[in-house]
**Student:** 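This is the structure, below, for whatever I ask next.
Chain identifiers are assigned alphabetically (A, B, ...) following the order of the sequence lines, protein sequences preceding nucleic acid strands; residue numbering begins at 1 within each chain.
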Amino acid sequence: MPTFQKSLEACLPDLWRYAYSLSFDKAQADDLVQDCAERALRKRQLWDPSRPLKPWLMTILLNIHRNTRRRSTFLRLVPVDDAPATTAPATTEARMELADTARAIQMLPPEQRDALLLVVIGGLSYKEAAETLDIPTGTLMSRIGRARRNLRHMTAAEPISSFDGKSK
Amino acid sequence: MTSGQIDPDITEDMLHAYVDGQLSAEDEARVEDYLAENPEEADLVANWQIQNQRLDALFPRSEAADRVARLDIPQDLPNRYRPALPLALTAALCLGLGSAGGWFAHDSVAPPAAMAPTALQSLDLRARQAHLVYAPEVLHPVEVAATDEAHLVAWLSNRLGAPLSAPDLSAVGFVLMGGRLLPAGEDAAAQLMYQDASGERVTVFLTAGAPGVLANFRFSDPAEGTSVASISWEDDRFRYAVVGALPRDDLMTVATELYRQFL
């Protein structure tokens, strides 16, 4: 059976991707993951070994992120040049599309963004993501549904009036 | 949802699960058959797939591996015993301990001297005193209101010397009103005040924690002549007390939620 430390380290790349997708800032993602790993190691007794480790780590990461997010409430818009992609897409068009998506994801209501990215970037199952967010799976699904509809409208230049920011 | 010929067995959730690769092979085949006959849904699903691909490209896996390789993940953090709060509290309450002098988690390796209860006892007392003074206040219950939460949190974090957040207790029916800075001996303490729909108030009282403290919990029944009960605990960041004129179970629900958010 892998040690706690090994299991934790195996989760780090996904945690980092998720942290980066939340913060859009690589240094901040480093700090988030570092902080999360340290807390997890200190509090490893709180983890129930019969359950998967990653959702538990994601919960810690999200808590840290939300606490910092609450302190900087203004919206950060990332200039096209700083858009995260490091493997530069071949065409200008593809680069613009990625920058569009980057902007759109940041404009989503946080609860929709958290839900969608936990699944798509964090690599969690729906059940694990719902546990991480402490919401019923049905609520998770409706947040993912709204996130996808909003992304679709924002990236396809469709009318913003259909933007769906309801909280449930 | 767009219109289309609805196969009653194919739900929107299934379409999402299809896009996210969370369906069994059998269900995947069913969704594909369905999409072949419902072009509008197929367009939608294609858009979601493109969204997923772009998100994946925005946050490349290869870079994640490089970045975490450069992090300095400690190999040997002390494995501090800290039972989950609800469990420890339930144990303490079931045993009928707590109201007398508090219940302290055991750590077989720590010397008994490290379990001195004084810090938590005095925190508990100060938290109750502060609650009795400020919770009934009509005009000035808080010094900085929740409308100015960013400022409140930054200010109190600064004075307590540790990053603090105001937990969101809406899940247990309480809304943040604001907070104030208070003395705790010669140190700074923060009091956060919450109110439920009926106007009942609970306060959360925090002081800076001490590195290396052991798990400690106590439940204090209302003192003579008051109706205010409290639950307090500590870790290496803060000492926490939650105070309110609530039944034990209700106060414990609030404490559990606080504990979860301070994880």
Side-chain angles (χ1 to χ4, degrees), chain A residues 4-5 8-9 12-18 20-21 26 29-30 33-34 37-39 41-46 59-60 63 66-68 70-73 83-87 89 94 97-98 100-102 104-105 116-117 119-121 125-126 134 137-138 141 144-145 148-149 151-152 155-156, chain B residues 1 11-13 15-17 19-20 22 44 47-48 50-85 149-151 153-154 157 163-168 171 215 235-237 260-263:
Chain A
F4 182 87
Q5 186 99 25
L8 172 83
E9 283 171 9
L12 292 180
D14 278 349
L15 283 173
W16 192 88
R17 289 183 83 210
Y18 187 57
Y20 183 28
S21 72
K26 290 173 191 176
D30 290 348
V33 172
Q34 177 82 34
E38 287 178 11
R39 279 192 206 186
L41 285 165
R42 268 203 310 272
K43 298 179 175 185
R44 78 187 88 161
Q45 295 291 348
L46 291 177
T59 307
I60 297 177
N63 277 344
R66 284 176 177 165
N67 291 343
T68 36
R70 218 174 283 150
R71 258 172 274 145
S72 56
T73 44
T86 44
T87 43
E97 281 167 1
L98 283 190
D100 253 11
T101 303
I105 197 83
L116 182 70
L117 294 176
V119 170
V120 177
I121 300 300
S125 70
Y126 293 146
D134 199 22
T137 311
M141 296 313 296
I144 288 177
R148 287 197 157 129
R149 274 193 290 278
L151 278 187
R152 183 170 188 231
T155 55
Chain B
M1 203 70 214
T11 61
E12 180 175 330
D13 287 1
L15 299 183
H16 286 295
V19 169
D20 293 321
Q22 300 201 19
L44 192 63
N47 176 274
W48 294 349
I50 290 169
Q51 287 177 16
N52 270 16
Q53 286 161 12
R54 287 186 188 160
L55 288 173
D56 204 62
L58 273 175
F59 311 107
R61 285 162 210 274
S62 56
E63 181 168 29
D66 290 349
R67 296 293 290 209
V68 298
R70 272 182 269 146
L71 292 180
D72 182 21
I73 304 299
Q75 290 295 315
D76 264 319
L77 276 182
N79 188 358
R80 205 168 290 148
Y81 182 68
R82 188 181 189 240
L85 178 71
E149 188 181 331
H151 166 66
V153 160
S157 299
L164 173 68
S165 60
D168 178 356
D235 61 25
D236 50 1
R237 278 183 301 162
R260 202 181 65 78
Q261 292 196 29
F262 278 117
L263 185 71

**Student:** Where on B/Arg61 is there a heavy atom nearer than 4.5 Å to chain A: the side chain, the backbone, both, or neither?
**Tutor:** both
**Student:** Using a cut-off of under 4.5 Å for heavy-atom pairs, which of B/Asp66, B/Ile50, B/Asp56 has the most such pairs with chain A?
**Tutor:** B/Asp56
**Student:** Kindly compute the distance separating CG (A/Leu151) from CH2 (B/Trp48), expressed to the nearest 0.5 Å.
**Tutor:** 11.5 Å
**Student:** So which residue, A/Leu8, A/Ile105, A/Ile121, A/Val33, ends up with the most heavy-atom pairs under 4.5 Å with chain B?
**Tutor:** A/Ile121
**Student:** Is there side-chain contact between A/Tyr126 and A/Ile144, with at least one heavy-atom pair below 4.5 Å?
**Tutor:** yes
**Student:** Of the backbone (N, CA, C, O) and the side chain (C-beta and beyond), which part of B/Ala69 lies under 4.5 Å from a heavy atom of chain A, both, or neither?
**Tutor:** neither
**Student:** Among A/Leu12, A/Asp14, A/Leu116, which residue forms the greatest number of heavy-atom pairs with chain B at distances under 4.5 Å?
**Tutor:** A/Leu12
**Student:** Non-hydrogen atoms of chain B under 4.5 Å away: do they reach the side chain of A/Leu117, the backbone, both or neither?
**Tutor:** side chain
**Student:** Any chance you could measure A/Arg66, atom CZ, to B/Asp168, atom CG, to the nearest 0.5 Å?
**Tutor:** 9.0 Å
**Student:** Check each atom of A/Glu9 against the heavy atoms of chain B and say whether the ones under 4.5 Å are side chain, backbone, both or neither.
**Tutor:** side chain
**Student:** Quick one: of A/Asp134, A/Leu15, A/Val119, who has the most non-hydrogen atom pairs under 4.5 Å with chain B?
**Tutor:** A/Asp134
**Student:** Less than 4.0 angstrom from a charged side-chain N to a carboxylate O is my criterion; do B/Glu12 and A/Arg149 meet it?
**Tutor:** yes
**Student:** Is it the case that the side chain of A/Arg148 and the backbone of B/Asn47 share a donor-acceptor pair, with hydrogens and angles ignored and the cut-off at 3.5 Å?
**Tutor:** no
**Student:** For the side chain of A/Gln34 and the backbone of B/Leu71, is there at least one donor-acceptor N/O pair under 3.5 Å apart?
**Tutor:** no
